[in-house]
S.K.: 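Okay, here's the structure, questions in a sec.
Values below: all heavy atoms of this structure, side chains included; hydrogens, waters and symmetry mates excluded. Below, chain A is the first sequence line, B the second, and so on; all start at residue 1.
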Amino acid sequence: MIQIVKPNIFIDFVSKFKVAAALSLLLIIIGIGNLVIKGPKFGIEFKGGTSIQLAFDKPIQITKLRDAIKDSKIFKDSKIQNIGSSNKRFIIYTKVSTSSTTSSIEAVLKKLLDPVFGSHYKILEVDMVGPKIGKEFRDKGIIAIVLSLLAILIYITIRFQYRFAVGAIVALIHDVLITVGFLSLFGYEFTLDVVAAILTIVGYSVNDTIVIFDRIREKVRQNRNLSNEEAINRGISETLSRTVLTAGTTLFVVISLFLFGGHALKGMSFALLVGIISGTYSSIFIASPILLLFKGKLMPEKKEVESTEAFKKRIEQEVRF
Amino acid sequence: MKTSTWIKLVIVLIIVAIFGAYTLPTIVGKKNAKYISELFGNLLPTDTINLGLDLKGGMHLVLGVETDKAVFAKVSMAANNLQQALTNAKIAADQVIPGSDGSIRIHLVDSKDLQRAINLIMSNLPNYQIVSDNNPIVIKLKQKIVQKIKEEAVQQAISVIRNRVNQFGVTEPTVVRAGEDHIVVDLPGIKNANRAVRLLGETARLELHLVDDSVSVADALNGNLPPDDEILYEIKRDPTTGEVTKIPFVVKKEPVITGDMITNASVRFGGTLNQPYVAFELNSEGARIFAKFTATHIGKRLAIVLDNVIYSAPVIQSRIGGGRGQITGNFTLEEAHDLALVLRSGSLPAPVKILQKVTIGPSLGKISIEKGKKAMIFGALAVIIFMIFYYRLSGLLADVAMALNIVIIFGAMVMLNATLTLPGLAGIALTVGMAVDANVLIYERIREELLIGRSVHDAVNTGYDRAFITILDANITTLIIALILYQFGSGPVKGFAITMAIGLLANIFTAVTFTKTVFDIVLYKFRPQKLSI
């Protein structure tokens, strides 16, 4: 039998909460601080504008492309981004997005490029989003995230206890903040696909946390004399093997998506990569120790229930006096 | 073997067969699928999976219907009629102004007519309520009616656009409503995107207006415009230089014929240069009006106005009976075709605005699908090899479960007619990674039980029992997120949510039911003393 994590391993995870919390806080402050200072880089789905993807037959100088379009009114404030390292594919972003001009944006670009590049290029994709719909996308994304959080809160509270829900939600917000911060640090744009990735991370994070919570609850049920710290440490240690394996297999796929998925999947797979690492880490070092911040046993003591006879007697007595 | 195991086995096989049948055409291609289906008496499905525009190329448009303009058009018409009614009743009103908020302001010359005017308004315009009964009187369209007009405008816009898209000759176009006033149009494989956009956005409000010869154009341009006249321009484009000239005309505001009287339109050729022109036919009411009007206005010019632009202004030579007319202009064949098409499909009740437009060249679609596929196969391969390496035969079983998971996702997507998008592909890849999670949970549990010395049989059963609750809890929370995503997401996010939701449900089936059935059969048949795990 091959084993990555030795069976019967026992690690005191709980005692490392302070270090973990400090590390997480530091990462979040760096990432979110960067986001606040630089401002979020929204994809055109969110801010409106037009993006045009071009492919050239052979490598060209980006400055040549920039010079070709810089005098046009439509492309005055445009940005040019190189895709890959071959100098053959580029994306041009412009803020212009009014519907009256969209049909002509391609035509204008063609007029500008044809004299310089002749027929050695192709327009691959033209993507235009009006400012109104951009706002709608943004609002809907936020609603979706808030509603997901609420739904998870309710479900975990019903299935476990309130404090488990708090632990899971804190871990989840932690993962989202870390991912958003890293996206900003590494200069990725927030597109609809990235929103989808962040919501997947929410799913993965909760999934991972619940597996550990389930084991912790089982430990408490088996042995009521177990201290909370002991139960949490045992729960995490016993599921550690599974945690490492699942994170590993999922990371295989995500890394492969990141490396080979092409330009269209870059932002999305980067978000997934960061989120899955963060999600695995947070369920061990953040979500579980948070349970200790609440007072009382993880498993409520069984209350003695009055028998019906005793209840009747008590009521009778109370009525009599 | 226990009967319950047999029943489980049969259920598993049936489910695998059903989803497999739906996935097969996508794998072997539509043509081969037809051939296979014929062997089985055309019983097998032949539909392949729907690829999103990001994978196959084409154009994705989100159109916003400007419903406020439809309301304004209704209010303007009511204002016109009201002015007429007031004049007929000998009530002098110097202002009847429609507002874009659905209101009409009526200013009377003499306030003593106030009560009579209000009575007249109330009886003529039952859909309006009075906001102010002083001079000026302000009335407003009832909210319920406003909603109805907007709703109808969107519905009608959808049917008109669907009509135009169908005639444009695109295979498998989709025109669906999104939200209150948005229409999403997907045109796969379209070549001339600009032409399609022009065609969809054309309001195509055709009207024939009498040219007012009694007013000189120069006078009118200087502000001497009679109240029932307006200035419209004929736009001429030189086909060789591309130069545009605008020729002003003074025309009567009230149209003689409106576009809703047109029943058919087609392209014909004629004239000295055998140029294309558009011939149209009118319904019986339009034909009657047209015949009467042309008979009484011989020698006058009639302006043909489309979306407030004059196409031509021919002189009426004689009475035109039979309800036929023609629009000439400097058309290219394509322009004439498009004009005939929009006239046939009816006019849009309100202008539409393009809110989002994505055009993806077919080559880019090919690049994305190749890269996505490559990434997916590579990732899956790594997982498959690792599982066998780590869990031996049981790992192989988990791999089979994972493959089954993918078959079910594809099959379900064909069944639900869902669209596979690039993020959807990523969703499937991720499911592959997570699909093994359930089996890892179970196997780790079984290993634990084996380590404390339980028998193979007990270890397997306890492992499955204990892990099942965890798997359920973990999957349900993720499923909730997928459902919320589906509800609130749009476009690619929705595609992602569908694949994720199907993947999770499939996961519970393949990782728990399927693998347990195999374990049961092995345990009862061979009674092994050791487990390859």
Side-chain angles (χ1 to χ4, degrees), chain A residues 1-2 7 53 55 99 102-103 106-107 122-130 132-133 137 140 143-144 147-148 151-152 155-156 159 192-193 195-196 199-200 202-204 206-207 210-211 214-215 238 241-242 245-246 248-254 256-257 259-262 264-265 268-269 272, chain B residues 54 62 64 193-194 197-198 201 353-361 363-364 367-368 371-372 374-375 378-380 382-383 386 389-390 422-423 426 429-430 432-434 436-437 440-441 444 447-448 451 469-470 473-474 476-478 480-482 484-485 488-493 496 500 533:
Chain A
M1 195 154 49
I2 306 152
Q53 222 183 113
S99 51
T102 47
S103 51
E106 274 173 88
K122 248 197 307 199
I123 294 180
L124 290 180
E125 184 185 300
V126 183
D127 192 345
M128 184 285 282
V129 180
K132 187 186 161 206
I133 205 155
F137 278 152
K140 273 189 171 176
I143 290 176
L147 276 182
S148 308
I152 292 164
Y155 183 82
I156 299 179
R159 289 283 298 144
L192 266 184
D193 295 353
V195 171
L199 283 146
T200 315
V202 171
Y204 184 87
V206 177
N207 191 318
I210 282 189
V211 170
D214 241 26
R215 192 57 83 98
E238 284 177 17
S241 166
R242 170 265 161 197
L245 284 174
T246 300
T249 51
T250 313
L251 278 178
F252 274 159
V253 183
V254 175
S256 146
L257 272 181
L259 292 179
F260 309 116
L265 289 176
M268 188 181 189
S269 47
L272 287 174
Chain B
D54 51 350
V62 180
N194 289 341
V197 168
R198 209 171 47 230
K353 217 176 168 170
I354 297 164
L355 299 177
Q356 188 191 5
K357 179 183 129 187
V358 184
T359 322
I360 298 154
S363 51
L364 185 64
I367 296 172
S368 332
K371 290 214 162 142
K374 200 169 134 197
F378 196 83
V383 174
F386 176 79
F389 172 74
Y390 199 80
L422 198 57
L430 193 70
V432 170
M434 288 174 76
V436 292
D437 180 47
V440 169
L441 263 170
E444 286 300 303
R447 277 181 169 192
E448 277 175 45
L451 276 176
I469 303 291
T470 312
D473 270 335
I476 286 175
T477 38
T478 320
I480 292 173
I481 295 168
I484 291 173
L485 262 187
F488 289 93
S490 42
V493 178
F496 185 78
M500 198 160 109
I533 193 164

S.K.: Restricting to non-hydrogen atoms, name the atom on A:R159 and the atom on B:D473 that form the minimum distance, rounded to 0.1 Å.
M.R.: NE-OD1, 2.7 Å
S.K.: Go through the steps for B:K371 and A:L265 under the test side-chain contact (heavy atoms from CB on, under 4.5 Å), then give the verdict.
M.R.: CA-CA 9 Å; B:K371 290 214 162 142; A:L265 289 176; over 6 Å; no
S.K.: Rounded to the nearest 0.5 Å, what separation is found between the CD1 atom of B:I481 and the CG atom of A:N207?
M.R.: 9.0 Å
S.K.: If you count heavy-atom pairs within less than 4.5 Å of chain B, which of A:I152, A:V211, A:V206, A:V202 leads?
M.R.: A:V211
S.K.: Checking A:D214 against chain B: side chain, backbone, both or neither under 4.5 Å from a heavy atom?
M.R.: side chain
S.K.: To the nearest 0.5 Å, what is the distance between OG1 on B:T359 and CD1 on A:I123?
M.R.: 9.5 Å
S.K.: Looking at B:A474 and A:I210, what are the two nearest heavy atoms and their distance?
M.R.: N-CG2, 4.0 Å
S.K.: Between B:E448 and A:R215, is there a side-chain N and carboxylate O pair less than 4.0 Å apart?
M.R.: yes
S.K.: Shortest non-hydrogen contact from B:A382 to A:F252?
M.R.: O-CE1, 3.9 Å
S.K.: So what's closer than 4.5 Å to chain B heavy atoms on A:L147: side chain, backbone, both or neither?
M.R.: both
S.K.: Name the region of B:F378, side chain, backbone, both or neither, that has any atom closer than 4.5 Å to a heavy atom of chain A.
M.R.: both
S.K.: Say you draw a straight line from CD1 of B:I476 to OH of A:Y155; how long is it, rounded to the nearest 0.5 Å?
M.R.: 3.5 Å
S.K.: Search all heavy atoms of B:G379 against all heavy atoms of A:S256 and return the closest pair with its distance.
M.R.: N-OG, 3.4 Å
S.K.: Please classify the contact between B:L441 and chain A as side chain, backbone, both or neither, with a heavy-atom cut-off of under 4.5 Å.
M.R.: both
S.K.: Measure distances from B:I360 to the heavy atoms of chain A and classify the residue's part below 4.5 Å as side chain, backbone, both or neither.
M.R.: both
S.K.: Counting heavy-atom pairs closer than 4.5 Å to chain A, which one of B:F386, B:F389, B:Y390 comes out on top?
M.R.: B:Y390
